[in-house]
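Since the structure comes first, as structure tokens, the remarks are kept for the end.
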Amino acid sequence: MNETPAETGSEFRTDAMKSYARLGLWAPAERMAEFEAAYEKKIAPLLEKHGLVESTERGRKIVAGVFSRLFELERPAAVVARGQALQKDPAWQKVLRELGTAFGVEDGLLRWHWGTYAAPAGRGKVVEAGSGSRQGLWQSFNVHDGFPASTVSAILRDRQGHLWFALTREEGWGVCRYDGAEFITFTTADGLAHDAVRCMVEDRQGNLWFGTIGGGVSRYDGQKFVTFTRADGLAHDAVQSMIEDRAGNLWFGTGSDWLRGEGVSRYDGAKFTTFTTADGLLGNNVLCIVVDRQGHLWFGTPEGVNRYDGQRFVSFTRTDGLAPCEVRSAIENQQGHLWFGTYGGGVSRYDGKSFKNFTPADGLASTLVLSIAEDQTGNLWFGTLGGGVSRYDQAQFAHFTQQDGLGSSAVISIEKDRQGCLWFGTATGGASRYDGQDFTTFTNAEGLPERFGWIWAIVEDRQGHLWFGTEGGGVSRYDGKEFTTFTKAEGLAGQYVRAILESRDGHLWFGTWSRGVSRYDGREFTTFTTAEGLAGQFVWTIVEDRQGHLWFGTNSGVSRYDGHEFTTFTTADGLAHNDVPSILEDREGHLWFGTNGGGVSWYDGKGFTTFTTAEGLGENVVLSIAEDREGRLWFGTFGGGASVYDGRIFQSLSRKDGLINDTVQQVFLDEQGDLWFATNGGVTRYRPLQEPPRIRLTDVVADRHHGPVQEVRLASAPDHSCGAGAIAELLLAGECAGAGASDAAGCAAVQEQPYRGGRCSPAGRGPVRGRSAHPG
């Protein structure tokens, strides 16, 4: 148990009109006086060059071994900008290495943290809420209704009746408040510690606490944000779970799916006390916390659950009857039973004496249970990964699932082999092969590595061998009879393989999670990282263009490799976002980059043009891109369904149009011209209509709204855009036959026009592709 003070006896009183940033530097506690002298000599002058002037305030007391300074800035957004500028400054990196070496820091790089310390809360981004969509008893809101994101990691209703949504992605979106009429989103620009928010809690004083992945926790009192991090005594800056106990103490469970936690921290308003495995905790990644009616705390970890009565920890694992998987969610129901949702073992119910486990054999939709809730009538609801949601009324389960023979309903990748069979890489279900009639599934029983996890990529090489990129098991080659696995032991950069490409010279390239990219020539591996010029260590996608250049989409931009050196493009060059999960070269030789939050960028070899939801894209997280036979581009998005772009307008297709799930991991075009969408809920095949659909024009917008008129004369510029210039005649039928959504565009913009159930919007400026539009 480790106790560390967080306050100097009383709360640090910030100026209500000022924003404060904190720079924390880790150095040996016994050499802190020496380090302060080094700071004044080497670091302070460099900070001044970045316009950072120290505040006279020193703030809360910090933990031993941390050197801290506060800086006054004009607004919270400036904190983020200054931190990014420091990170990119070579002089800053150089001084961190020099001092790290001088003070004997592990790895020779001085550890540092920069972030918002306290700030007046910004106004947030306010968007009027749309009407949403209804299906039966369900009402849904998405980006089309003003909701800011497609991924919600937590929901909280505050005492005023407002709903708060924690929005989590790798790049983050902050928190959103819904008052029944408007969505208000708060991010780091408004004073929040970090935009990736994982959990929330409201304390008895009415303060809201937001746990983030990487920025610690932020406390919000309605007027200002105050942030607590490791420098204050918090166990780790990645906070996965939070709760307030009966005594008013706040508990913070640390860690995440990719960051190792450091236990659970209790905050009593004055100091943090941390508990780890050394104190009896089963694991230091604390994924969920619940308080039972006796006031005991329960902590869910990958190793099992702990009960803490204020004095000691009692452990429950598979030997006690708990489902043998990591515990992701927990709740105590009205009957006083504890329910634990596990990642892979279904749910376990504990009645105080023994456990009873429920799996799909009992009617549960999936063994991957991420969330649990109880409604007013006592029904329990289980949110699962890939299986939807199951409702349990204490007697039986009700749910909808996919029973098509796939290894899992969460499909990540698709590849067609030479025999015309389709292969589906799934989450936790191995690889499934579909021959047009039946599915055959391959798992570790058939030779895939024991820790294959998710199958992220599948490629068939020129010898006809299939390569499977796995999550944790390296890469496996299948020659039709047996699997051969390559891992770090054979020279592969890392065990997590996200992308595979066979280049025209016959080399295989493997993009890895956090380890760069490896090239395999059939005999040995050669690895390229940021040290060789690669933009980032996380390589999501690889494409070879018609010049033979390789393009790598990473977490820090895109890199082009000409066989000798890397050239990197980032937001500074016009790219929409530096996190790039998808790339496509179209038939005209232009490159399209799908980004993780910035929409899609089109690159013509000279500059970038970006398209977002403002231009009609379904969502700004673009996971995959494909081009069909007509030259139309299809974008698989995270939560926004699939969007098709014909060079003039976007049209989006979602679950309302027949798509099984709105998160489209991959779009694949087969030899028959059918489109296959691999989604988080299964696979949808889309066969485009051969006959042109009927199109109804609901409005004509140019100099004004003309309504659903039969004929209108508009002024047209020589470039055919609506505006002043030569006079052109536009004849529009109230209902007409057309060749597709693109033919409804011209000088008149069609706003939110229904089209076979989808929605279409004018895309604005961009490349002109396919046939030019003509009057209806």
Side-chain angles (χ1 to χ4, degrees), residues 1 154-159 161 164 199-209 211 239-253 263-269 273 275 279-283 286-301 303-318 320-323 326-342 345-358 364 369-383 390-395 397:
M1 182 174 65
I155 306 174
L156 171 73
R157 185 178 67 179
D158 66 24
R159 61 184 60 183
W164 291 80
C199 53
M200 303 177 290
V201 72
E202 184 179 24
D203 66 23
R204 58 186 60 185
Q205 283 78 39
N207 298 318
L208 289 165
W209 293 76
V239 178
Q240 180 82 4
S241 53
M242 289 192 297
I243 205 166
E244 185 180 28
D245 66 19
R246 290 184 174 183
N249 299 317
L250 286 160
W251 293 78
F252 305 99
V264 61
S265 291
R266 181 183 65 202
Y267 180 59
D268 63 5
T273 303
F275 302 86
D279 305 294
L281 197 62
L282 270 172
V286 180
L287 307 177
C288 60
I289 313 174
V290 67
V291 179
D292 66 21
R293 57 187 61 184
Q294 281 79 39
H296 300 156
L297 285 147
W298 294 76
F299 304 100
T301 76
E303 294 77 15
V305 295
N306 283 111
R307 182 181 65 206
Y308 181 64
D309 62 4
Q311 300 294 325
R312 65 189 185 97
F313 289 91
V314 177
S315 298
F316 300 87
T317 66
R318 61 188 304 173
D320 303 293
L322 180 69
E326 63 182 48
V327 178
R328 291 288 187 100
S329 52
I331 192 174
E332 184 183 30
N333 69 358
Q334 296 174 11
Q335 297 174 306
H337 297 158
L338 286 156
W339 290 79
F340 302 101
T342 74
V347 292
S348 291
R349 182 185 67 197
Y350 182 63
D351 61 5
K353 297 179 180 179
S354 62
F355 287 91
K356 178 177 175 58
N357 296 325
F358 299 85
L364 187 66
V369 181
L370 302 181
S371 56
I372 312 175
E374 185 179 24
D375 64 24
Q376 293 180 346
T377 60
N379 296 324
L380 287 165
W381 295 78
F382 304 97
S390 288
R391 184 187 64 199
Y392 182 61
D393 63 2
Q394 308 303 324
F397 289 91

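Note that the structure is predicted; figures quoted are calculated from it, not measured. We use all heavy atoms of the structure for the numbers below, so side chains are in, but hydrogens, waters and symmetry mates are not.
Annotation: the span from Glu374 atom CD to Asn333 atom CG amounts to 5.0 Å, rounded to 0.5 Å. The CH2 atom of Trp164 sits 14.0 Å away from the CD1 atom of Ile155 when rounded to the nearest 0.5 Å. Taking CD of Gln335 as the start and CZ of Arg349 as the end, the distance is 7.5 Å to the nearest 0.5 Å. Here the CG atom belonging to Leu338 is positioned 9.5 Å from the CZ atom belonging to Arg307, to the nearest 0.5 angstrom. Atoms CD and SG, on Gln240 and Cys288 in that order, are 9.0 Å from each other to the nearest 0.5 Å. Annotation: the span from Met200 atom CE to Leu208 atom CG amounts to 8.5 Å, rounded to 0.5 Å.
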>> Is there a side-chain contact (heavy atoms from CB on, under 4.5 Å) between Arg312 and Val314? Walk through the geometry before answering.
In response: CA-CA 7 Å; Arg312 65 189 185 97; Val314 177; 3.7 Å; yes
> Could you go step by step and tell me if Asn379 and Asp393 meet the side-chain contact (heavy atoms from CB on, under 4.5 Å) rule?
Replying inline: CA-CA 5 Å; Asn379 296 324; Asp393 63 2; 3.3 Å; yes
> Does the pair Val286 and Leu281 meet the rule for a side-chain contact (heavy atoms from CB on, under 4.5 Å), with working shown?
Replying inline: CA-CA 9 Å; Val286 180; Leu281 197 62; 3.9 Å; yes
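The two residues Arg204 and Arg159 come nearest to each other via the heavy atoms O-NH2, 3.1 Å. The shortest heavy-atom contact between Leu370 and Arg328 is CD2-NH1, 4.0 Å. Considering every non-hydrogen atom in both Gly283 and Thr301, the closest pair reads O-CG2, 3.7 Å. In terms of heavy-atom proximity, Val290 sits nearest to Ala330 at CG1-CB, 4.0 Å. Nearest heavy atoms, Ser241 versus Leu287: CB-O, 3.7 Å. Nearest heavy atom pair, residue Phe355 against residue Gly321, reads CB-O, 3.4 Å.
For Ala247, the side-chain contact (heavy atoms from CB on, under 4.5 Å) criterion is met by Asp245, Asn249, not counting sequence neighbours. When the side-chain contact (heavy atoms from CB on, under 4.5 Å) test is applied to Ile372, the partners found at least two apart in sequence or on another chain are Ser329, Ile331, Trp339, Val369, Leu380, Phe382. Shown here are the salt bridge (charged side-chain N to carboxylate O under 4.0 Å, His left out) partners of Asp268, two or more places apart in sequence or in another chain: Lys271.
Residue Glu244 forms a side chain to side chain contact (heavy atoms under 4.5 Å, CB included) with just one option from Val291, Asp203, Ile289, and that option is Asp203.
Side-chain atoms of Thr317 do not come within 3.5 Å of backbone N or O of Gly304 as any donor-acceptor pair. Not a single donor-acceptor pair under 3.5 Å links the side chain of Asp292 to the backbone N or O of Gly336.
Under the 30°/60° scheme for interplanar angles, the aromatic rings of Phe358 and Phe397 are found to stand perpendicular.
Between Phe275 and Phe299, the gap from one ring centroid to the other reaches at least 6.0 Å.
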